[in-house]
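Heads up: the structure comes next, in structure tokens.
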Amino acid sequence: VEKERPAAPAPGQYAALKAAALLQAEAKLDEFKRITVRDLAYILYRAAAAFGDADTRLLWRLPHKWKDPELKFPPFGAAYSRGKFTIDCASDPSLAGSQLIELNGVPFEEFIRPVLERVSGETPQLRASLFCRDQFFWWDFSGLLSGAPSLTVKLKRPDGRLYAGKMGTVTAGEFRRFADRPGKLKKNIYGHTKIGWLSVSGLPYSRAERKIWGRFFRDLSGQGTEDLVLDLRQAGSGDPRMADYILSYLPAELPEKREPAFSGRLKVLIGPGSGSAAAYFAARLRELKAGELLGEETGGTPDHLGAPKEFELANSGIKFSVATRLYTGHGAGPVEPDLPVTKELLRPYKGDITPFVLDLIGRERGRKKLAEK
């Protein structure tokens with residue numbers, strides 16, 4: 001980090017982080033002065049997150065052991081929006097949409113504080129969203145619920161009523177059934193309506209990723225797609241070079257124009273889970289007047305430390321990345337949407353943004369046809 005990261009830390013930050021990490025490591029040493037890889041990773045996650053950028057982070061992950069019988073997951077999956085944690089999905093579907101107030105008598109955000117301080121991100125909003133995106137890993141890795149057969153939950157239901165009661169914890173396999181979220185591109189091209197929809201969990205810059213995007217835009221062109229929705233609400237990491245590459249397919253005056261370029265209308269969904277590369281994409285899109293931004297303000301900022309370079313610790317094999325470039329000139333604060341999507345707007349659609357956006361596109365097309373007549 002000291003060699004690669006371009007922004008200087010606060011005076012004494014490296015020494016303080018090293019001293020704190022060594023102190024924590026010493027408490028975990030066995031009689032042979034060894035520490036497990038898992039314990040070391042838990043310590044270093046916090047040290048990396050202390051630098052305050054999304055790309056200086058650990059990449060080490062626990063393997064998913066779906067048959068693990070230990071009860072260490074909550075019976076619900078969390079989401080973060082408009083500054084609140086809510087239940088996104090649950091073993092009891094009637095709880096969906098409820099705000100998480102407390103867990104075991106502690107405010108929910110405070111309960112997961114040991115995790116949040118290990119999530120690398122520029123803002124509290126982005127860290128909260130990244131926790132929700134990767135919550136299976138974080139519940140498993142942190143062990144916050146390990147050994148607890150049940151937990152006490154306090155909720156605020158969508159209708160305003162409060163609920164308090166006990167719920168049983170669940171196993172990895174049970175949690176996966178309703179809350180597992182694979183981190184891959186999810187695309188839909190609605191041929192009959194000529195609308196394309198792509199949900200993105202990150203914007204990594206690599207040859208393989210560029211090929212994936214190239215195929216996607218060829219598919220759009222081949223099917224005569226008129227409108228594209230690009231969902232960046234969970235794109236918490238990435239590289240602005242990838243943002244520029246994607247923008248080069250859009251109908252704007254850009255260098256390195258590629259064929260076939262998408263010539264239709266573009267809507268981009270953003271929110272607190274949109275990291276700095278996604279925020280950079282949103283800012284550039286607005287500068288180029290190449291599309292409309294919908295949702296909430298981004299968690300990341302266009303001006304940020306990025307272009308991560310990967311490394312590996314020799315003895316433990318722990319992989320990590322370090323931001324190597326400072327991007328400036330496109331905005332130091334979060335990017336605001338052109339159309340804020342509020343709970344009131346989504347109420348007729350039962351809180352689901354997908355039918356809202358599809359209906360919005362349909363109404364815009366109708367107005368355009370009427371104007372042409």
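For reference, positions follow the sequence shown, starting with 1. Only heavy atoms go into these numbers, but all of them, side chains included; no hydrogens, no water, no symmetry mates.
Remark: aromatic rings of Y45 and W138 are close, center separation under 6.0 Å. In this structure, F178 has its ring center no closer than 6.0 Å to that of F76. Residues Y42 and W60 keep their aromatic ring centres 6.0 Å or farther apart. A ring-centre distance under 6.0 Å is not found for F108 and Y80.
In terms of heavy atoms, G105 sits closest to E102 at CA-OE1, 3.8 Å. Pairing each heavy atom of V106 with each of F111, the nearest pair is CG1-N, 3.8 Å. Across all their heavy atoms, A96 and P158 have their closest contact at O-CG, 4.0 Å. Contact between E109 and L116 at its shortest, heavy atoms only, is CG-CD1, 3.8 Å. Considering all non-hydrogen atoms of both residues, G238 and A277 come closest at C-CB, 3.6 Å. In this structure, A54 and L126 approach most closely via the heavy-atom pair CB-CD2, 4.4 Å.
Taking the six-membered ring where the residue is Trp, F131 and W139 present perpendicular rings, their angle passing 60° and hence far from 30°. Relative ring orientation between Y280 and H330 is described as perpendicular, the plane-to-plane angle rising above 60° on a 0-90° scale split at 30° and 60°.
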(request) Start with the C-alpha gap between D359 and R363, add the side-chain angles, then the distance that decides, and say whether salt bridge (charged side-chain N to carboxylate O under 4.0 Å, His left out) holds. (result) CA-CA 6 Å; D359 187 39; R363 286 186 276 118; 3.3 Å; yes
(request) Take D303 and T301 through the test side-chain hydrogen bond (donor to acceptor under 3.5 Å, both in side chains) and record every step on the way to the result. (result) CA-CA 5 Å; D303 291 359; T301 58; over 6 Å; no
(message) Evaluate D352 against K350 for salt bridge (charged side-chain N to carboxylate O under 4.0 Å, His left out), listing each step before the verdict.
(response) CA-CA 6 Å; D352 190 347; K350 298 182 179 179; over 6 Å; no
(message) What verdict does the salt bridge (charged side-chain N to carboxylate O under 4.0 Å, His left out) test give for D227 and K267, after you've listed the backbone C-alpha separation in whole Å, the side-chain angles of each residue and the deciding distance to 0.1 Å?
(response) CA-CA 8 Å; D227 290 270; K267 294 188 184 300; over 6 Å; no
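Hydrophobic clustering, with ILVMFWY side chains joined whenever heavy atoms are under 4.5 angstrom apart, groups V1 together with F311. Note: the hydrophobic cluster containing L145 also contains L155 (ILVMFWY, side chain heavy atoms under 4.5 Å, direct or indirect links).
Although no hydrogens or angles enter the test, the distance criterion places a donor-acceptor pair under 3.5 Å between the side chain of S129 and the main chain of G273. T171 contributes no side-chain N or O that, together with a main-chain N or O of P69, makes up a donor-acceptor pair within less than 3.5 Å. Using a distance-only test at 3.5 Å, with no hydrogens or angles considered, no donor-acceptor pair links the side chain of S321 to the main chain of E310. Checked by atom type and distance alone, the side chain of E296 pairs as donor or acceptor with a backbone atom of R82 at under 3.5 Å. Remark: the backbone N or O of T56 is paired with a side-chain donor or acceptor of D53 at under 3.5 angstrom. Proximity of a side-chain donor or acceptor of T123 to a complementary backbone N or O of G299 within less than 3.5 Å is detected. For the pair E110 (side chain) and P107 (backbone), a donor-acceptor distance under 3.5 Å is absent. Remark: side-chain polar atoms of R286 are not paired, donor with acceptor, to backbone N or O of L293 under 3.5 angstrom. Looking only at distances, no side-chain donor or acceptor of T225 sits under 3.5 Å from a matching main-chain atom of G196. Side chain of T169 to backbone of P149: a donor-acceptor contact under 3.5 angstrom is found.
For the atom pair NZ (K3) and NZ (K309), the distance works out to 10.5 Å, reported to the nearest 0.5 Å. In this structure, M167 CE and T152 OG1 are separated by 10.0 Å, a value rounded to the nearest 0.5 Å. For the atom pair OG1 (T36) and CG (D30), the distance works out to 9.0 Å, reported to the nearest 0.5 Å. Residue I87 holds its CD1 atom at 10.5 Å from CD of Q99, rounded to the nearest 0.5 Å. The distance from the CD1 atom of I353 to the CG atom of D231 is 7.0 Å, given to the nearest 0.5 Å. The structure places CD of E292 at 6.5 Å from CG of L360, a figure rounded to the nearest 0.5 Å.
For R5, the CZ atom is densely surrounded, since the number of other residues' heavy atoms within 6.0 Å is greater than 12.
A salt bridge does not link E364 with R265: none of the charged nitrogens is closer than 4.0 Å to a carboxylate oxygen. Between K65 and D140 there is no salt bridge, since none of the side-chain N atoms of the basic residue sits less than 4.0 Å from a carboxylate O of the acidic one. Look at R157 and D159 and you find no salt bridge, because none of the NZ, NE, NH1 or NH2 atoms lies under 4.0 Å from a carboxylate O.
Both the sub-6.0 Å distance and the 45° axial angle are satisfied by R210 relative to the ring of Y205. Geometric assessment of R57 against the ring of F320 yields a negative cation-pi assignment under the 6.0 Å and 45° thresholds.
Each of P334, P340, S274 was compared with E297 under the side chain to side chain contact (heavy atoms under 4.5 Å, CB included) criterion, and only P334 meets it.
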